[in-house]
Number of protein chains: 2
Amino acid sequence: MVASGARKEQIVATASELFRQRGYHATTVRDIARELDLQGGSLYAHIDSKDAVLREIVARAAEAFFAAVEQLAGEPWPAATRLRAMIHAHIGVVTSRLNDATVFLQDWRYLEEPGRAEILRLRDAYEALFRQVLAEGIAAGEFTVRDPRLASIMLLSGLNALPGWFRPDGALSADHIAAEYAEMLLHGLSVRPLADEEDDR
Amino acid sequence: MVASGARKEQIVATASELFRQRGYHATTVRDIARELDLQGGSLYAHIDSKDAVLREIVARAAEAFFAAVEQLAGEPWPAATRLRAMIHAHIGVVTSRLNDATVFLQDWRYLEEPGRAEILRLRDAYEALFRQVLAEGIAAGEFTVRDPRLASIMLLSGLNALPGWFRPDGALSADHIAAEYAEMLLHGLSVRPLADEEDDR
DNA sequence: CAGGATCAAACAAGCGTTAGTTATTGGAGT
DNA sequence: ACTCCAATAACTAACGCTTGTTTGATCCTG
């Protein structure tokens with residue numbers, strides 16, 4: 001084990017940015033050090049291993065996602081309202097913690113065991129939050145979708161691809177994207193046959 | 001340059017499978033060779049470089065996607081019908097050419113220039129096929145979605161995450177998934193307020 | 001002056017790739 | 001039919017470089 005000071009924070013943050021940009025395996029521990037004007041070996045006064053840094057980044061992102069979404073899933077609201085809030089919250093985490101979230105989504109599979117298996121479990125528990133709300137919405141007659149598992153996968157797939165194209169200084173704000181995504185997911189791309197305006201938003 | 005025999009085919013196919021499973025950088029040229037009971041160096045009688053193998057896999061996948069989808073986009077059908085067909089075709093490629101498609105979607109960014117830039121151009125041209133159909137559908141009053149770019153991104157994000165969870169020997173067939181995805185994307189997860197059954201399918 | 005942070009240097013291991021050599025093979029010429 | 005040759009494909013071995021990590025000395029700073 002090893003110290004946990006402010007320098008370590010810089011190292012993890014720098015690693016998070018480089019992992020996001022280049023991927024875990026294409027980033028060298030010397031790359032990370034150079035960014036902080038250090039020698040490669042100097043990092044090891046603060047970290048245990050490259051894998052431990054990845055583990056920490058991924059763990060942070062996972063915590064952020066749960067902290068933002070878990071409670072919303074249990075609120076006493078209509079399922080559609082909860083789902084909308086969860087979509088906003090999830091996108092909020094991806095966009096506001098872009099480095100950690102991207103690394104989590106893109107490099108978790110390079111974790112060494114048993115960390116990898118642990119994250120896999122967390123991912124499923126997280127997806128279950130959405131699955132659950134979808135299932136409840138179906139039971140309540142709010143949703144027409146047939147398979148809540150398939151729906152939760154598709155929904156999260158859309159949200160989790162954000163790091164591939166979202167630009168923090170771009171024209172589309174996180175809130176705008178969240179609102180549009182929620183609209184498209186809940187009501188679909190097509191016109192609603194034989195229907196006029198709705199209200200739910 | 002170097003021969004293009006049947007052995008090369010095996011090498012590229014093996015590389016495609018390993019790249020899919022472990023990722024490009026986590027796969028060694030000696031790993032590929034071992035799978036074929038060869039020594040690492042022996043591959044170089046058939047290939048130019050590891051990067052060239054990746055380039056070939058990615059190029060094959062790109063061709064497959066265009067071959068399956070390009071024509072459908074221009075058919076004289078309603079936009080919703082075309083979009084449905086394109087979703088089926090895209091998922092068909094992902095599931096039937098799982099190795100190549102996964103590597104294309106997951107490792108294209110590790111291509112060396114200028115191959116990487118070229119693929120980036122192809123990706124945009126491909127997304128434009130969907131964007132175009134969406135825009136035409138909006139113009140024709142078939143779609144309510146506001147931003148065809150955002151819609152095409154969300155749609156393709158959902159489809160392109162398939163390699164992360166699809167299992168060829170699983171319970172869900174490619175056609176089943178495609179039908180469900182198309183349904184969810186076109187009509188949304190929610191009940192359609194003030195509407196009854198539709199027909200389009 | 002003690003303790004943490006950083007350095008330079010090295011470590012063993014692994015990387016993609018090349019070179020030179022040895023089997024294997026399928027015709028061409030007698 | 002049988003040799004001989006050229007080509008092909010594989011091997012062993014090594015190259016030069018990079019990887020993650022460790023070591024022991026040196027520097028700062030409180």
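Each chain gets a letter, A, B and so on, in the order the sequences are listed, and its residues count up from 1.
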Out of C:dT17, D:dC11, C:dC7, which nucleotide sits closest to the side chain of A:Ser42?
C:dC7

In Å and rounded to the nearest 0.5 Å, what is the CD to CD1 distance from A:Gln10 to A:Ile32?
13.0 Å

Can you list the residues that meet the salt bridge (Lys or Arg N to Asp or Glu O under 4.0 Å) rule with A:Asp124, with sequence neighbours excluded?
A:Arg131

Whether B:Asp107 side chain and B:Val103 backbone form a donor-acceptor pair below 3.5 Å
no

Run the salt bridge (charged side-chain N to carboxylate O under 4.0 Å, His left out) check on A:Glu142 and A:Arg84 step by step: do they pass?
CA-CA 13 Å; A:Glu142 287 185 67; A:Arg84 222 181 266 273; over 6 Å; no

Closest heavy-atom pair and its distance - A:Asp100, A:Ser16
OD1-OG, 2.6 Å

Which whole-number value in Å describes the distance from B:Arg7 CZ to D:dT8 P?
16 Å

Give the rounded distance in Å between these two atoms: CG of B:Leu43 and C1' of D:dC11.
13 Å

Encode nucleotides 24-30 of chain D as B, S and - characters from 5' to 3', where the letter depends on protein heavy atoms closer than 4.0 Å: B to the base, S only to sugar-phosphate, - to neither.
-------

Can you tell which of B:Glu70, B:Glu75, B:Glu136 makes a salt bridge (charged side-chain N to carboxylate O under 4.0 Å, His left out) with B:Arg82?
B:Glu136

Partners meeting ring pair (Phe, Tyr, Trp, His ring centres under 6.0 Å) with A:His88 (sequence neighbours left out)
none

Checking B:Phe65 now: which residues fulfil ring pair (Phe, Tyr, Trp, His ring centres under 6.0 Å) with it, not counting sequence neighbours?
B:His90, B:Phe104, B:Tyr126

Is A:Glu17 paired with A:Arg20 through a side-chain N to carboxylate O contact shorter than 4.0 Å?
no

Stacked cation flag A:Lys50 on A:Tyr24, 6.0 angstrom / 45 deg
yes

Using whole Å, report how far CD1 of B:Ile11 lies from P of C:dT17.
13 Å

Does any residue of residues 53-61 of chain B have a heavy atom under 4.0 Å from DNA chain D, and if so, which ones, in number order?
none

Mind calculating the distance between CG (B:Asp51) and P (C:dT17) to the nearest angstrom?
8 Å

Is any side-chain heavy atom of A:Trp165 less than 4.5 Å from a side-chain heavy atom of A:Leu172?
yes

Could you state the atom-to-atom distance from NZ of A:Lys50 to P of C:dA13 in whole Å?
19 Å

For DNA chain D, which residues in residues 12-37 of chain A have a heavy atom at a distance below 4.0 Å?
A:Thr27, A:Thr28, A:Val29, A:Arg30

d(CD, B:Gln39; P, D:dC11) in whole Å
5 Å

As a test of reading the structure: which of C:dG16, D:dT22, C:dT6 is closest to the side chain of B:Tyr44, going by heavy atoms?
C:dG16

Nearest-Å distance, NE2 (B:His46) to P (C:dT18)?
15 Å

